[in-house]
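For reference, the structure discussed in these notes is given below.
Letters go in sequence order (proteins before strands), and every chain restarts at 1.
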There are 2 protein chains.
Amino acid sequence: MNDVAAAAGVALKTVSRVVNNEPGVNAATALRVHAAIDRLGYRRNDSARTLRRGRTASIGLVIEDAADVFYSSLSRAVEETALHHGCLLFTGSSQEDAARERDLVLAFCARRVDGLIIVPAGTDHTYLAPEFEAGTRAVFADRPPGAGCEADVVLSDNVGGARAGTAHLIAHGHRRVAFLGDLPRIFTAAERLRGYREALAAAGLPYDEGLVAMGPAEPARLRADLTRLLGASDPPTALLTGNGRTTVETLRALASITGSAPGPATTGAFPDRAPPGLGGLALVGFDDFELADLLGVTVVAQDPARLGRTAADLLFLRLAGDGGAVTRFELPTRLIPRGSGERPPPPRRDRG
Amino acid sequence: MNDVAAAAGVALKTVSRVVNNEPGVNAATALRVHAAIDRLGYRRNDSARTLRRGRTASIGLVIEDAADVFYSSLSRAVEETALHHGCLLFTGSSQEDAARERDLVLAFCARRVDGLIIVPAGTDHTYLAPEFEAGTRAVFADRPPGAGCEADVVLSDNVGGARAGTAHLIAHGHRRVAFLGDLPRIFTAAERLRGYREALAAAGLPYDEGLVAMGPAEPARLRADLTRLLGASDPPTALLTGNGRTTVETLRALASITGSAPGPATTGAFPDRAPPGLGGLALVGFDDFELADLLGVTVVAQDPARLGRTAADLLFLRLAGDGGAVTRFELPTRLIPRGSGERPPPPRRDRG
DNA sequence: CGACGCCTGGACAACGTTGTCAGCACGCCG
DNA sequence: CGGCGTGCTGACAACGTTGTCCAGGCGTCG
């Protein structure tokens, strides 16, 4: 900027004014300054600007895994909103690791981001207190913050969605519905388990721990759990899978267990169709996923983009000075019947 | 920092030394400083640090669309490498818009990122010249920079992959292979078209423009193009789809055209299986995608994570001072046969 | 014709950090 | 006992920008 001023034969401050479109600069002078800027290839140093002004016009986003379609959709929506507010976006993946979440958040704070959107991996967010003190705002998305951390949060209706999915299966005659979820320490997994149990209770069905398998969506784990479930004396006739990854890996595991491979399309019309490899099982998956429509998989759909958009809107509202009480949004889920969730259970042999 | 110094009864510089783990501070003094830091909840201001030191320890990544699995995988790999180098990552989606790409890149540069990884949407990168002058390094990924821009680039072997996919179909007896690609102004689309043509030429088959449809992967567009292709007097017996989105939307369009829906698995074993709704068509898709294995879709797989990792490694090599000549990496693709690409054409009616 | 106000431009400090250099105390050695 | 090296601490400038304040020139109005 100094060089530009020298080249244009004006004072530093005049260049600053021109660069920032501030009024009070003669048109001819501005022209001379612009010419110098172009000639020298000058670009304003936003680090210095940031330092002087206090606001960085950037926000930080911590998600679980940028490569997962759920979070990448959320991320994309946040990015769009941020850009709309003239903000740049730092992103980082916590990998479901509380320490890494914390390190990322603090690194963003050290960069003095104006705000944060966090999909928390950990359950202790007291480390944020000094940041809040310093004026940084945070909105939690998909999962709430740990106890003692007062912050806005935007969630999906996990309980309601799981309840609806389970009830849907029950309504189609199933009495033995298994639940395959993620680790119960993960908020959404625990909530969905709760919804599953509520639906069972509402239908007067017993809760059978033997029908529940919680853990990461790893192929080997799921194959083992499914083998156990299906080999039991009173096996489930339907499955509720607790998230998108689990649904997909369950389809894969089932295909490998039943030994069946996808086959050419039959002419069977909805709702007789069902994805390949399911055997006689009915299936409802939490989370929609690519090609679920073609595979005929019934799902309880969340809207990750809306989750991200809502969180970002809320954050910018706060950054604009909204000092209202901490809020908790809960976005609805939507059950999309596609065939796999509408199949009746096979006739029971022990009643034959 | 000033407050910390006052609270600890030491000079500013001493706090700086403690914060940066610089040697030459008495252990007792350091302890006092640490206590003051904790008490005040002090966090170093990296904006100021950045300003003083010149390096920001952050890089910028511009991709096409953060919500697309191809780019989100690439993005994730870049993020991992960046974190490994103690760098934070700015991300932005260009949405295939050259102006937006430029704005994002320049915004990152104004933030004084140390380096850039760019999946270019535009073909003119002369706007980068002042940045290069100022010492910013850039690596292009997936697509090369426009003419006149000397920079490292990491690509997939688009020509070779498309050639292999086409040759695979030809080897299975197909003589009428259609190509559904993206807009030809997109580098990868043009390259894959080239590979397709090379394979035809190598097999002595004519290039028939009527078998080629280039455009964005929009359902309506694809449905129209496919209807036209399949309704022609001499329709294709096989398809090569030019990217992941196109493959998925093609499957969807075919399902809606043929009216067939996915059906329960048959016991047909590989390679007789094929995805639902294909009719008698053979299909090879460029890019692997989730569930392609279950659907039995043969693909030419790229490795987006490796693309991102390679680009990031190259960037950090440059940032570490490597001044070698500009390089151009070309990563191999891999043909994964899964059934849809191994089906022979139906017996030709006109030869009855 | 003079005073006043507006428009334009510039000098200077400050943002929070780090690099440079100087100073001080202490201990050791000559 | 003095000089000097060493280990620790501090003062100060600088990074590049912007906010505040002031000065000078010119037009206008009394």
Where at least one partner belongs to residues 142-151 of chain B, residue pairs that pass salt bridge (charged side-chain N to carboxylate O under 4.0 Å, His left out), sequence neighbours excluded: B/Glu96-B/Arg143
Side chains of A/Cys109 and A/Leu116 in contact at under 4.5 Å (non-hydrogen atoms): yes
A/Asp313 and A/Arg309, any side-chain heavy atoms less than 4.5 Å apart: yes
Which pairs would a plain distance check flag for residues 117-125 of chain A, meaning a side-chain donor or acceptor within less than 3.5 Å of a matching protein atom at least two apart in sequence or in another chain?
unit_1	atom_1	unit_2	atom_2	d
A/Asp124	OD1	A/Thr126	N	3.0
A/Asp124	OD1	A/Thr126	OG1	2.7
A/Asp124	OD2	A/Thr126	OG1	3.4
A/His125	ND1	A/Gly146	N	2.8
A/His125	NE2	A/Glu101	OE2	3.0

Quick one: salt bridge (charged side-chain N to carboxylate O under 4.0 Å, His left out) partners of A/Arg245, sequence neighbours excluded? A/Glu249, B/Glu290
Taking the axis from the first five pairs and the axis from the last five, what angle separates them in the helix from C/dC1-D/dG30 to C/dG30-D/dC1, rounded to 10 degrees? 60°
Donor-acceptor list for residues 21-33 of chain B side chains, cut-off 3.5 Å, not counting sequence neighbours:
unit_1	atom_1	unit_2	atom_2	d
B/Asn26	OD1	B/Ala28	N	2.8
B/Arg32	NE	B/Ala8	O	3.1
B/Arg32	NH2	B/Ala8	O	3.3

Test side chain to side chain donor-acceptor pair (under 3.5 Å) applied to A/Asp152 and A/Arg137, A/Arg328, A/Arg318, the passing residue: A/Arg318
Expected list for residues 45-52 of chain B near DNA chain D, using heavy atoms below 4.0 Å, is B/Leu51, B/Arg52
What residues form a side-chain contact (heavy atoms from CB on, under 4.5 Å) with A/Arg52, not counting sequence neighbours? none
Which pairs, with at least one residue in residues 3-18 of chain A and sequence neighbours excluded, count as a salt bridge (charged side-chain N to carboxylate O under 4.0 Å, His left out)? none
What side-chain donor-acceptor pairs closer than 3.5 Å can you find for residues 76-93 of chain A, not counting sequence neighbours?
unit_1	atom_1	unit_2	atom_2	d
A/Arg76	NE	B/Asp65	OD1	2.7
A/Arg76	NH1	A/Glu80	OE1	2.5
A/Arg76	NH2	B/Gln95	OE1	2.6
A/Glu79	OE1	B/Ser93	OG	2.9
A/Glu79	OE2	B/Ser93	N	2.5
A/Glu79	OE2	B/Ser93	OG	3.1
A/Glu80	OE1	B/Arg100	NH2	3.3
A/Glu80	OE2	B/Arg100	NH1	3.1
A/Thr81	OG1	A/Ala77	O	3.1
A/His85	ND1	A/Thr81	O	3.0
A/Thr91	OG1	B/Thr91	OG1	2.7
A/Ser93	OG	A/Ala66	N	3.0
A/Ser93	OG	B/Glu79	OE1	2.9
A/Ser93	OG	B/Glu79	OE2	3.1

Can you check whether B/Phe108 reaches B/Val62 side chain to side chain, under 4.5 Å on heavy atoms? yes
Measure the shortest side-chain to side-chain distance between A/Val69 and B/Ser72 over non-hydrogen atoms and say whether it is less than 4.5 angstrom. no
Using a heavy-atom distance cut-off of less than 4.0 Å, which residues of residues 1-17 of chain B contact DNA chain C? B/Met1, B/Leu12, B/Lys13, B/Ser16
Would you say that B/Arg44 contacts B/Tyr42 through its side chain, given a criterion of any heavy-atom pair below 4.5 Å between the two side chains? yes
Within residues 27-40 of chain B: residues closer than 4.0 Å to DNA chain C (heavy atoms): none
Would you mind reporting whether A/Thr188 and A/Asp182 have side-chain heavy atoms less than 4.5 Å apart? no
Identify whether any heavy atom of B/Val19 sits under 4.0 Å from a base atom; if not, whether one sits that close to sugar-phosphate; answer base, sugar-phosphate or nothing. nothing
Span of DNA chain C in contact with chain B (heavy atoms, under 4.0 Å): C/dG16 to C/dT20
Please check if the number of heavy atoms outside A/Phe329 that lie under 6.0 Å from its CZ is greater than 12. no
